[in-house]
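A quick write-up on the structure given underneath.
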Amino acid sequence: MELQKDMILLNQTDTTPEEVIKKSGQLLVDAGCVESAYVDAMLEREKMVSTYMGNFIAIPHGTDEAKEYVKESGISIVQVPKGIDFSTADEKEEKLATVVFGIAGVNNEHLDILQKIAVFCSDVGNVVKLADANSAEEVISLLGEVTA
């Protein structure tokens, strides 16, 4: 699976998890990876369990029941330099995400994708590079080994 330039948005100014999840899901819809109902499942998933992963990243994806809406595996990337707080009202610690990966996977391919992104982003220096990237090409170059 290759990252596509048209599935990457840079310098976004979203202020809520809902806004950025809708945006990342719409990129998956526009690319033909999922049906529009998958975006609702991404929002539902976020209500069940936060998709904030730490190190300034969030990886929203659909529920198990939403697998029927996935046509092909894909990754969308939304860069939000000022960050979005993914913490809930009852959490005291801020969960700031500056890079949001929307994912969809066929036949559990998304688990492999999730693992590779998690390993790459376990180095906060890599996340900073993604958050500071000035072009989609730069993001693709940074994540080249993740999607290989």
Side-chain angles (χ1 to χ4, degrees), residues 1-12 14 16-81 83-88 91 95-148:
M1 179 176 45
E2 292 184 24
L3 292 174
Q4 299 171 13
K5 288 188 339 183
D6 58 353
M7 292 180 71
I8 299 171
L9 294 175
L10 302 177
N11 295 316
Q12 300 300 297
D14 303 292
T16 67
E18 182 177 77
E19 287 175 341
V20 76
I21 290 170
K22 285 181 179 177
K23 194 172 281 183
S24 66
Q26 189 61 47
L27 288 170
L28 293 169
V29 171
D30 293 346
C33 297
V34 299
E35 296 176 24
S36 61
Y38 188 80
V39 180
D40 294 332
M42 292 171 78
L43 294 167
E44 184 180 322
R45 174 73 175 215
E46 187 64 31
K47 289 178 184 172
M48 294 168 26
V49 179
S50 176
T51 55
Y52 179 77
M53 305 299 288
N55 275 6
F56 307 102
I57 66 165
I59 306 178
H61 52 283
T63 60
D64 288 342
E65 293 76 22
K67 288 180 181 177
E68 66 183 288
Y69 304 123
V70 179
K71 299 176 187 174
E72 61 183 85
S73 298
I75 301 174
S76 64
I77 301 169
V78 181
Q79 179 197 64
V80 188
I84 295 173
D85 187 1
F86 271 71
S87 65
T88 59
E91 294 176 315
K95 295 179 174 177
L96 200 63
T98 56
V99 182
V100 176
F101 295 91
I103 65 166
V106 174
N107 296 328
N108 289 328
E109 283 179 353
H110 69 291
L111 298 177
D112 186 47
I113 296 167
L114 269 174
Q115 182 181 18
K116 288 178 178 177
I117 290 172
V119 168
F120 180 81
C121 292
S122 66
D123 180 344
V124 74
N126 286 336
V127 179
V128 170
K129 289 177 186 173
L130 288 173
D132 290 344
N134 292 312
S135 68
E137 291 84 358
E138 188 176 349
V139 170
I140 290 170
S141 176
L142 288 165
L143 290 170
E145 62 190 60
V146 172
T147 57

Which atom pair, heavy atoms only, marks the closest approach of [X] to [Y]?
X    : Y    : answer
C33  : G74  : SG-CA, 3.9 Å
M42  : I21  : CB-CG2, 3.7 Å
L130 : F101 : CD1-CZ, 3.9 Å
V99  : A131 : CG2-N, 3.9 Å
V127 : N55  : CG1-O, 3.2 Å
G25  : V34  : O-CG2, 4.4 Å

Look only at the side chain of [X] and the backbone of [Y], and say whether a donor-acceptor pair between them is shorter than 3.5 Å.
X   : Y    : answer
Q12 : L10  : yes
S73 : G105 : no
Y38 : G62  : yes
D85 : K95  : yes

Partners of Q79 by side chain to side chain donor-acceptor pair (under 3.5 Å), sequence neighbours excluded?
-> none
Counterpart residues, side chain to side chain donor-acceptor pair (under 3.5 Å), relative to N11 (two or more places apart) | none
Full working for side chain to side chain contact (heavy atoms under 4.5 Å, CB included) between L43 and E18 | CA-CA 7 Å; L43 294 167; E18 182 177 77; 3.8 Å; yes
Between atom [atom1] of [X] and atom [atom2] of [Y], what is the distance when rounded to the nearest 0.5 Å?
X    : Y    : atom1 : atom2 : value
S122 : I117 : OG    : CD1   : 12.5 Å
I140 : Q4   : CD1   : CD    : 8.5 Å
I75  : K116 : CD1   : NZ    : 9.0 Å
Y69  : T63  : OH    : OG1   : 8.5 Å
S76  : L9   : OG    : CG    : 8.0 Å
L3   : I8   : CG    : CD1   : 5.5 Å

Does [X] have more than 12 heavy atoms from other residues, nucleotides or ligands lying within 6.0 Å of its [atom1]?
X    : atom1 : value
E91  : CD    : yes
N107 : CG    : no
F56  : CZ    : no
M7   : CE    : yes

For residues 36-51, the salt bridge (charged side-chain N to carboxylate O under 4.0 Å, His left out) pairs (sequence neighbours left out) are none
Kindly state each residue pair satisfying salt bridge (charged side-chain N to carboxylate O under 4.0 Å, His left out) with at least one member in residues 121-144, sequence neighbours excluded.
-> K5-E137
Salt bridge (Lys or Arg N to Asp or Glu O under 4.0 Å) with K23: which residues, sequence neighbours excluded?
-> D14
Would L96 and I84 count as a side chain to side chain contact (heavy atoms under 4.5 Å, CB included) if you check the C-alpha gap in whole Å, the side-chain angles of each, and the deciding distance to 0.1 Å?
-> CA-CA 5 Å; L96 200 63; I84 295 173; 5.6 Å; no
List in chain and number order the residues that pass side chain to side chain contact (heavy atoms under 4.5 Å, CB included) with A58, two or more places apart in sequence or in another chain; answer none if no residue qualifies.
-> T51, P60, F86, A97, V100
Show your reasoning for whether side chain to side chain contact (heavy atoms under 4.5 Å, CB included) applies to I77 and L143.
-> CA-CA 11 Å; I77 301 169; L143 290 170; 3.3 Å; yes
Between N126 and C121, is any pair of side-chain heavy atoms under 4.5 Å apart?
-> no
